[in-house]
Peer 1: 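First the structure, then my questions, so here it is.
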Amino acid sequence: MTEVILALDVGTRDAAVSIAEKTGPYLDAIKIGYPLVLAAGLTIADELSAGGLPLIADFKVADIPNTSRLIAEEVFSHGFSGIICHGFVGRDSVLACVDTAHDHGGECYVVTEMSHPGAVDFFHGGIAERIAALVCETGADGIIAPATRPERTQMLRTLIGTRKILSPGVGAQGGDPSAIAGIVDGIIVGRAIYESADPAGAAQQYAQFRSLRGTNPHLPYPLRE
Ligand code: O7M
């Protein structure tokens with residue numbers, strides 16, 4: 001199943017709780033990060049995780065190993081089940097997040113290539129491929145790779161095998177869910193759900209793509225459960 005992960009980047013606690021409640025039945029996880037946590041405080045994580053869906057901390061951690069570990073420890077003491085870090089900081093910093101996540105029974109995802117147009121300035125030219133190799137070496141659980149460039153995500157799939165790919169850029173950034181859902185493990189959707197006049201209906205529409213997991217004929221590995 002290709003999971004549907006809501007990027008809950010709203011600006012108030014009330015909006016976050018309301019949208020999480022409405023869309024929850026059609027979601028497999030919720031991702032929160034700076035926009036919501038800076039507005040509502042980290043205790044919003046305790047509140048959302050009590051709803052029962054896995055909660056992913058998107059702080060794109062990019063620091064020295066000790067600081068990365070301290071951030072990850074704080075994250076996992078607030079009910080998160082996963083953390084996202086950057087890969088360009090290098091093996092020791094990525095390992096600090098991976099090891100802390102695993103110590104707490106959680107998962108760590110590494111940003112390998114971003115979805116926005118400017119990402120090509122740095123992530124192309126071999127960087128994304130090197131980060132993908134680092135992901136395999138460090139035992140990270142998966143990568144973040146762009147729905148806006150399915151061909152790049154397909155290439156990254158060949159490098160990371162059956163490790164998970166979570167893919168943002170669907171909807172508001174122009175990524176087509178039908179082009180990406182067959183090669184990834186989860187699509188990350190924000191504005192196209194939380195800015196919709198009918199967030200539950202929008203989430204339900206994206207939930208239809210769950211059945212596409214592993215259907216891309218060019219996949220080097222069988223992905224279906
Ligand atoms: O659907 P959107 O565009 O409203 O939101 C997309 C979410 O995914 C938002 O939370 C972004 O910060 C995040 N994201 C990207 O859009 N592109 C990336 O390359 C990486 C992420 C992300 O989640 O990184 C962990």
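Note that ligands are numbered from 1 as they come in the structure, with each ligand's atoms numbered from 1 the same way.
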Peer 1: Can you tell which of T100, D58, V61 makes a side chain to side chain contact (heavy atoms under 4.5 Å, CB included) with I83?
Peer 2: V61

Peer 1: Using a 4.5 Å cut-off on heavy atoms from C-beta on, say whether the side chain of D9 contacts that of L36.
Peer 2: no

Peer 1: Residue-level breakdown please: for K60 versus ligand 1, do any non-hydrogen atoms fall below 4.0 Å on the side chain, on the backbone, on both, or on neither?
Peer 2: side chain

Peer 1: So, taking the atom named CZ in R69 and the one named CG in D92, what distance separates them when rounded to the nearest 0.5 Å?
Peer 2: 13.0 Å

Peer 1: Between I183 and T153, is there a side-chain heavy-atom distance shorter than 4.5 Å?
Peer 2: yes

Peer 1: Will you find, in the side chains of Y206 and Q208, an N or O donor that is under 3.5 Å from an N or O acceptor?
Peer 2: no

Peer 1: Please compare G174, P168, C85, G169 and report which has the shortest non-hydrogen distance to atom 20 (C) of ligand 1.
Peer 2: P168

Peer 1: Mind checking whether K31 has a heavy atom under 4.0 Å from ligand 1?
Peer 2: yes

Peer 1: Measure from atom 1 (O) of ligand 1 to every heavy atom in G190, A57, A192 and give the option owning the shortest one.
Peer 2: G190

Peer 1: Taking the inter-plane angle between the rings of F59 and F80 on a 0 to 90° scale, is it parallel (under 30°), tilted (30 to 60°) or perpendicular (over 60°)?
Peer 2: perpendicular

Peer 1: Answer yes if the side chains of R13 and T43 hold a donor-acceptor pair under 3.5 Å, and no otherwise.
Peer 2: yes

Peer 1: For ligand 1, is there an N or O atom under 3.5 Å from any N or O atom of Q173?
Peer 2: yes

Peer 1: Looking at ligand 1, does any of its N/O atoms fall within less than 3.5 Å of an N/O of D9?
Peer 2: yes

Peer 1: Where the closest heavy atom to atom 2 (P) of ligand 1 is concerned, which of E195, R191, E113 has it?
Peer 2: R191

Peer 1: Numbering the atoms of ligand 1 from 1, which are under 4.0 Å from a heavy atom of I84?
Peer 2: 25 (C)

Peer 1: Please work out whether any backbone atom (N, CA, C, O) or any side-chain heavy atom from C-beta onward of S115 is under 4.0 Å from ligand 1, and answer side chain, backbone, both or neither.
Peer 2: both

Peer 1: What atoms of ligand 1 come within less than 4.0 Å of a heavy atom belonging to A7?
Peer 2: 7 (C), 10 (O)

